[in-house]
Amino acid sequence: MNSREEILRRVRDGLLDLPDDARRVTVRRSAGRPADDDPAERAAVLARFVERLREQGSLVRLVDTTGLPAAVADVLYGMSVRTVLAAVEPGPAWLDHWAGAPGHAVVHGSGAASSGDAVVRDAVAGDASTGSIALEVDGGPAVSEDMPQVCVVRAERVFSSLPDALDRLDPRRPLIWRGGPADAELARQLVVLLVE
């Protein structure tokens, strides 16, 4: 065994004693500075994200935090939705405005796709370069491709590129990406509420 192999063996043996979380080393995939520093760059990133989504056929509405519950209710009323699938229980507070109306119901967790008229999710991240959105898998409802989806995307979670988004996400969280050029059929079923 040469000295290189001996060093690698010692590193490997040392890592065995560490918990799984401590074995991971975060590696930045993007070398550029974040666009958050400059308001003009940030605005350009958000504009590109909206443009990409609309090019793919998604409906995008810009809302503020206080107007989010009313915007969600407005979209769901416009779709004549009576039952919504939500990824988490008790569901986001911004669903309460719509859910408080008579005849409306929110199904939580991993309900069957047939038990709802639409799904409402809170996105983990957005990629402005492709117009794709990251959603958590855990606890998410089983959704058919042709079911309308309402995604709430916070402006601070929209990044200029996929590497920028991945740098800020926990690699241990299981995610699915929706939208983008390869997902045009789903994009047409997608309503995005971008919260600025």
Side-chain angles (χ1 to χ4, degrees), residues 36 39 42-43 45-54 56-128 131-159 165 168-170 173-180 183 186-196:
D36 301 336
R42 188 76 198 130
V45 167
L46 294 176
R48 188 165 57 252
F49 180 62
V50 170
E51 180 185 351
R52 294 288 184 270
L53 286 166
R54 287 180 174 156
Q56 295 158 22
S58 297
L59 176 66
V60 183
R61 290 179 58 177
L62 306 177
V63 298
D64 59 17
T65 306
T66 57
L68 180 58
V72 169
D74 187 41
V75 168
L76 295 175
Y77 282 127
M79 294 178 179
S80 300
V81 171
R82 306 293 287 171
T83 305
V84 160
L85 301 176
V88 293
E89 191 170 353
W94 33 261
L95 256 178
D96 293 347
H97 182 68
W98 174 85
H104 291 173
V106 179
V107 177
H108 304 287
S110 54
S114 60
S115 63
D117 303 316
V119 64
V120 177
R121 295 178 184 255
D122 197 4
V124 178
D127 170 18
S132 54
I133 296 171
L135 305 167
E136 283 190 324
V137 174
D138 286 350
V143 179
S144 68
E145 292 290 315
D146 57 353
M147 180 178 287
Q149 296 194 44
V150 179
C151 281
V152 173
V153 183
R154 318 277 172 181
E156 66 271 13
R157 295 180 183 173
V158 177
F159 303 99
R168 288 159 181 85
L169 295 174
D170 184 343
R173 291 167 76 178
L175 301 174
I176 55 171
W177 287 86
R178 294 288 194 208
D183 215 353
L186 179 68
R188 287 191 282 275
Q189 297 291 331
L190 188 63
V191 177
V192 176
L193 298 176
L194 181 59
V195 184
E196 295 187 287

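Every heavy atom of this structure was used, including side-chain atoms; hydrogens, water molecules and symmetry mates were not.
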What pair of heavy atoms forms the shortest contact from [X] to [Y], and how long is it?
X	Y	answer
His97	Ala70	CD2-CA, 4.0 Å
Gly131	Leu53	O-CD2, 3.1 Å
Pro148	Met79	CB-SD, 3.9 Å
Ile133	Ala123	CG2-CB, 3.3 Å
Leu194	Arg154	CD1-C, 4.4 Å
Trp177	Asp127	CZ3-CB, 4.2 Å

**Request:** For the pair Arg42 (side chain) and Ala155 (backbone), establish whether a donor and an acceptor sit closer than 3.5 Å, ignoring hydrogens and angles.
**Result:** yes

**Asked** Backbone N or O of Val60 within a donor-acceptor pair of the Arg54 side chain at under 3.5 Å?
**Response** yes

**Prompt:** In terms of ring plane angle, is the pair Tyr77 and His104 parallel, tilted or perpendicular, where the classes change at 30° and 60°?
**Reply:** tilted

Answer yes or no: is there a side-chain heavy-atom contact under 4.5 Å between [X] and [Y]?
X	Y	result
Leu95	Leu76	yes
Gln56	Leu190	no
Val153	Phe49	yes
Glu196	Leu62	yes
Asp122	Arg157	yes
Trp94	Leu193	no

**Prompt:** Step by step, would you call Leu59 with Val75 a side chain to side chain contact (heavy atoms under 4.5 Å, CB included)?
**Reply:** CA-CA 10 Å; Leu59 176 66; Val75 168; 5.7 Å; no

**Prompt:** If you measure from OG on Ser58 to CZ on Arg52, what distance do you get to the nearest 0.5 Å?
**Reply:** 13.0 Å

**Request:** Could you walk me through whether Val81 and Trp98 pass side chain to side chain contact (heavy atoms under 4.5 Å, CB included), step by step?
**Result:** CA-CA 10 Å; Val81 171; Trp98 174 85; 3.9 Å; yes

**Message:** Quick one, Glu136 with Leu175, criterion side chain to side chain contact (heavy atoms under 4.5 Å, CB included). Give me CA distance, side-chain angles, the key distance, then yes/no.
**Reply:** CA-CA 5 Å; Glu136 283 190 324; Leu175 301 174; 3.9 Å; yes

